[in-house]
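Heads up, the thing below is written out as C-alpha cells.
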Number of protein chains: 2
Amino acid sequence: MRWSEIDTVPCPVAQAMSVIGDAWTMLIVRDALRGSTRFDEFQRSTRASRAVVAERLTRLVHHGVMERKQYEAHPPRHEYQLTARGRALQPVLMVMAHWSETQLPKPTRSTGRRHTTCGHAFAPVVTCSDCGEPVTHETITYDRPRGSAGRA
Amino acid sequence: MRWSEIDTVPCPVAQAMSVIGDAWTMLIVRDALRGSTRFDEFQRSTRASRAVVAERLTRLVHHGVMERKQYEAHPPRHEYQLTARGRALQPVLMVMAHWSETQLPKPTRSTGRRHTTCGHAFAPVVTCSDCGEPVTHETITYDRPRGSAGRA
DNA sequence: ACGGTTAGTTCAGATACTGAACTTACACCG
DNA sequence: CGGTGTAAGTTCAGTATCTGAACTAACCGT
C-alpha cells in the first residue's frame with residue numbers, strides 16, 4: 001500500500017495519519033501553534049528542505065488545517081494561519097510532548113507549559129467527558145472487540 | 001536536515017517524532033494497543049510492505065516502545081509486546097483519533113470507546129493536572145515566550 | 001546600482017519504499 | 001514421503017521521494 005492511499009482506510013487513526021502522519025508536517029504544526037506564519041520561519045525552524053516545506057504547507061491547506069492568506073499585494077506575500085481544525089491539534093501535540101518528556105530518556109528543554117486559568121505549570125491529563133475521571137489504558141474497552149479495521 | 005538527525009533537536013515534539021513520526025509506525029502502535037503481537041498481523045492490518053514492518057518494529061524495539069520475545073523455540077517464533085513506554089502512547093493515539101473523528105470530513109467507523117470506570121462512551125478531554133479544569137489552546141502560555149527551539 | 005527579503009521552483013544525486021518472490025524451520029495430513 | 005501451510009523475515013529491481021544548493025520573481029531601502 002502506498003502512503004497516498006492511507007486515506008482510504010476507514011480508521012480514524014489512519015485518517016489522521018493521512019493529514020499529519022509525517023514528521024515535518026508535525027513540526028510545522030508545532031511552529032504554527034507557537035505563532036509562526038511565514039514560509040521562511042517554518043523552513044528555518046524545522047530545517048526541512050524548502051521543497052518539503054512548500055509541499056507540506058500545500059497539503060495542510062488542502063486538508064483545511066491551515067489557510068494561505070495574502071498579507072501584501074506588491075510584491076505578493078502570503079502567510080499561513082491555523083484554522084479551527086488546525087488549532088484543535090493543540091491537545092494532540094501537547095499530549096505527545098508530554099509523552100516525550102516523561103517517557104523518553106533523552107533530556108529536552110522543558111516546554112514550561114502554564115495554564116492561565118489557574119496559573120500553574122501542569123501536565124496534561126486525559127479524562128472522560130462523561131465522569132471526569134482520568135482515562136488509562138486499563139480502563140478502556142471498545143464496543144466491537146476485534147473488528148477488522150483498526151482503532152485506538 | 002535528514003530524518004535521521006531529528007533526534008538531535010532539543011524539542012520534545014521533535015524527540016517524539018524521532019520515535020513515532022511515521023505513519024506506518026503509528027499504525028503499528030495502534031494495532032499493538034488493540035492487542036496485536038505478531039509480525040504478519042501487523043503486516044496484514046497496516047498493509048505496509050514487509051520490509052517496512054520489519055524495519056519499524058526493529059526501530060520501536062530499539063526505542064523501548066516494544067519488546068521482542070521468543071514465544072516458541074522450534075521453529076523460532078517471536079512476538080512483539082508494548083512496554084510501559086509503548087502503552088503510555090495510548091492517550092496520544094486516543095486524542096489523535098478524537099481529533100480525526102470530530103474534525104475531519106471523511107466519515108470513519110466510530111471507535112466505540114468506553115470507559116470501564118463509569119461504563120459510558122466518552123470523548124477524551126485534556127485537563128490540567130493542577131486544577132483539573134479543561135485545557136484549551138487559549139488557556140495555555142509558555143514560560144520562554146519565543147525561544148529558539150520549538151515546543152508545543 | 002546593490003544588497004536584502006519573501007515565497008517559492010528546479011534539478012542532480014542520494015535515499016527510501018513497493019510488491020513480489022524467496023528463505024528457514026517446522027507442523028499437519030494422507 | 002511429498003505437498004501444503006504458517007511465521008518471521010530477507011532480498012531485489014524498479015519506482016518514488018527527499019536533500020541541498022542554486023535560481024527566480026518582485027519588490028524595498030540606501
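Letters go in sequence order (proteins before strands), and every chain restarts at 1.
- Running 5' to 3' along DNA chain C, contacts with non-hydrogen atoms of chain A at under 4.0 Å begin and end at C/dT5 to C/dG19.
- B/Tyr71 comes within 4.0 angstrom of the backbone, heavy atoms only, and of no base.
- Considering all non-hydrogen atoms of both residues, A/Trp99 and B/Arg85 come closest at NE1-O, 3.0 Å.
- Taking 4.0 Å as the cut-off between side-chain N and carboxylate O, A/Arg113 and A/Glu101 count as a salt-bridged pair.
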Side chains of residues 57-66 of chain B: which donor-acceptor partners sit under 3.5 Å, not counting sequence neighbours?
residue: B/Thr58; atom: OG1; partner: B/Ala54; partner atom: O; Å: 2.8
residue: B/Arg59; atom: NH1; partner: B/Ser18; partner atom: O; Å: 3.4

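- Listed in residue order, the members of residues 52-69 of chain A having a heavy atom less than 4.0 Å from DNA chain D are A/Val52, A/Arg56.
- Looking at heavy-atom distances under 4.0 Å, A/Tyr80 makes contact with sugar-phosphate atoms alone, never a base.
- Between B/Ile28 atom CD1 and D/dG9 atom C1' the separation is 14 Å, expressed in whole Å.
- With the nearest nucleotide of DNA chain C identified for both A/Glu5 and A/Thr37, A/Thr37 has the one nearer the 5' end.
- When each of A/Met1 and A/Arg44 is assigned the nucleotide of DNA chain C with its nearest heavy atom, A/Arg44 is the one assigned upstream, toward the 5' end.
- Between A/Arg2 atom CZ and D/dT17 atom P the separation is 8 Å, expressed in whole Å.
- One can find a donor-acceptor pair under 3.5 Å joining the base of D/dA7 and the side-chain atoms of B/Arg77.
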